[in-house]
There are 2 protein chains.
Amino acid sequence: MRPLIHPSIDDITVEGILHALSDPVRASIYAGLACRGGATCTAFQQVSDRTIPKSTLSQHFRALREAGLVRSERCGVEMRNTTRCEEIEQRFPGLIPAILRAHQVQAGDTPPPGTPRRKVAAKKAGKR
Amino acid sequence: MRPLIHPSIDDITVEGILHALSDPVRASIYAGLACRGGATCTAFQQVSDRTIPKSTLSQHFRALREAGLVRSERCGVEMRNTTRCEEIEQRFPGLIPAILRAHQVQAGDTPPPGTPRRKVAAKKAGKR
DNA sequence: TCTATAGTTCATATATCCTGAACTACGGTA
DNA sequence: TACCGTAGTTCAGGATATATGAACTATAGA
C-alpha cells in the first residue's frame, strides 16, 4: 500500500483544482466535506441517488487528495478526510467559496439575487 | 458544417465551466478573450510558447462554446469569439472572476498579499 | 489466530482528448 | 461564372484518462 500523496501548497494548481471539482461526484464529496468538516469514504457511498462502487469512490478521493483539495489520514480502520480550505484560501483567495456557491446555486439551494422562486422550483422538479 | 451550439444560460453547468477551464490552453484562451473583449481563432495560434494545431484550437473553442463560456459568430471568412461573462456572472456570481484571478496568482502576475517577491521569481524561473 | 470492516490496487473495458489530413465556407479577382 | 486563398471544422486514428469488479492490504476486536 503506497503512502498517501499530499501535494505541498505551492504545488497545488488551479487546473488541478478545477479538474477535480469538474466531476459532479467529486464536487458533491468535496461540498459534503466542506460543510461537515470531515468524513470517511463510506459516508459517501450514496451520492447522487445511486450507489457508487467503493473502488470508484476511492479513486475520486485520490483525485481530490492529489489535487490538494483534501487531506486523508488513517484513523484506526477507517480514513478520515478533511478539506484543505484554509491553505487553498491563502493561495487562491475566493476560489473555493465561489465554486461551492456556484454549485449551490445550480442545485437551487441559493438562487442568485432576483431569481423568482417559481423558476427555481420548476428547475428542481424536472427538466432533464 | 453543423450549426454552432450555444447553450441557453439555464443549461450552463458549473461542472461544464470548471471542466472547460481546467485545461491550461482553454484557460489562457478564455483569459485572453476576457481581457481583449473578443478575438478570432488564429489569434491564439501561439499560446503557451508552442504552436497549437488549428484543429486542436478549433476543438478547444468548441469546448468553450458548448460549455457556454464563449459566443462565436461567423464574420466574413473568420469567426469572432466573445465571452459570455455578463450572463454567467448573473447565474453564478463571482465564479468567473475568482477563477481568472486564481490563474493570475498562479502565473505570478498577482501574488496573494504577503507573498515575498523572491518566491514568485523562483517559481517563474523553472521548477518543472 | 481468525474474522469483519475500510479502503487500495490492479486489469480491462469504455470514453475522452489530441492531431494531421481532408473538407466546408466565405471573400476577392478575373 | 470559375478559381484561389484564408479561416475554421470535421473525421479517423492513436494516446490518454476514467469506471469498475476482483483481489488485495491494513487495522480492530474477539
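Quick note: numbers below take in every heavy atom, side chains included, and nothing from hydrogens, waters or symmetry partners. Here is how names work: the chains are called A, B, and so on, in the same order as the sequence lines, proteins then strands, and each is numbered from 1.
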Q. Taking only N and O in the side chain of B:Thr56, is any of them less than 4.0 Å away from OP1 or OP2 of C:dC18?
A. no
Q: List, by chain and then residue number, the residues other than A:Met79 in its hydrophobic cluster (Ile/Leu/Val/Met/Phe/Trp/Tyr, side-chain heavy atoms under 4.5 Å); write none if there are no others.
A: A:Leu4
Q) Below 4.5 Å, heavy atoms only, C-beta onward: do B:Thr83 and B:Ile88 meet side chain to side chain? A) no
Q | Partner set under side chain to side chain donor-acceptor pair (under 3.5 Å) for B:Glu87, not counting sequence neighbours | A | B:Arg71, B:Arg84
Q. Roughly, in whole Å, what's the span from CG in A:Leu57 to C1' in D:dT18?
A. 14 Å
**Q.** 5' priority, DNA chain C, between A:Gln59 and A:Arg80 [closest heavy atom]
**A.** A:Arg80
(Q) Measuring to OP1 and OP2 of D:dC11, would you say a side-chain N or O of B:Arg2 lies under 4.0 angstrom away? (A) yes
Q) Rounded to whole angstroms, how far apart are CZ on B:Phe61 and C1' on C:dT19? A) 17 Å
Q. Given a cutoff of under 4.5 Å between side-chain heavy atoms of I, L, V, M, F, W and Y, with clusters grown through shared members, what are the other residues clustered with A:Ile5?
A. none
Q.
Please report the distance, rounded to the nearest Å, between CZ in B:Arg62 and C1' in C:dC18.
A. 13 Å
Extract from the structure each pairing of a protein N or O with an N or O of nucleotides 12-17 of chain C at less than 3.5 Å, listing the distance.
from	atom 1	to	atom 2	distance (Å)
C:dC17	OP1	B:His19	NE2	3.3

Q | Difference in axis direction between the ends of the helix from C:dT1-D:dA30 to C:dA30-D:dT1, five pairs, 10° | A | 10°
Q) Does any pair with a residue in residues 21-36 of chain A pass salt bridge (charged side-chain N to carboxylate O under 4.0 Å, His left out), and if so which ones, sequence neighbours excluded? A) none
Q: Would you give a per-nucleotide map of nucleotides 23-30 of chain D, 5' to 3', where B means the base has a protein non-hydrogen atom under 4.0 Å away, S means only the sugar-phosphate does, and - means neither?
A: --B-BS--
Q | salt bridge (Lys or Arg N to Asp or Glu O under 4.0 Å) partners for B:Glu66, two or more places apart | A | B:Arg62
Q) Mind checking what makes side chain to side chain donor-acceptor pair (under 3.5 Å) contact with A:Ser72, not counting sequence neighbours? A) A:Arg65, A:Asn81
Q.
With hydrogens left out and only the distance checked, is there a donor-acceptor pair under 3.5 Å joining A:Ser55's side chain and the base of D:dG21?
A. yes
**Q.** Listed partners of A:Glu73 passing side-chain contact (heavy atoms from CB on, under 4.5 Å), at least two apart
**A.** none
Q: Please name the pair of heavy atoms, one in B:Leu21 and one in B:Tyr30, separated by the smallest distance, quoted to 0.1 Å.
A: CD2-CB, 3.8 Å
Q) Expressed in angstrom and rounded to an integer, what is the separation of B:Leu4 atom CG from D:dG8 atom C1'? A) 10 Å
(Q) Under the rule for salt bridge (Lys or Arg N to Asp or Glu O under 4.0 Å), what residues qualify as partners of B:Arg80, not counting sequence neighbours? (A) B:Glu78
Q) How close or far is atom P of C:dA25 from atom CD of B:Glu73, stated in whole angstroms? A) 19 Å
Q. Can you name the side-chain contact (heavy atoms from CB on, under 4.5 Å) partners of A:Ser55, sequence neighbours left out?
A. A:Pro53
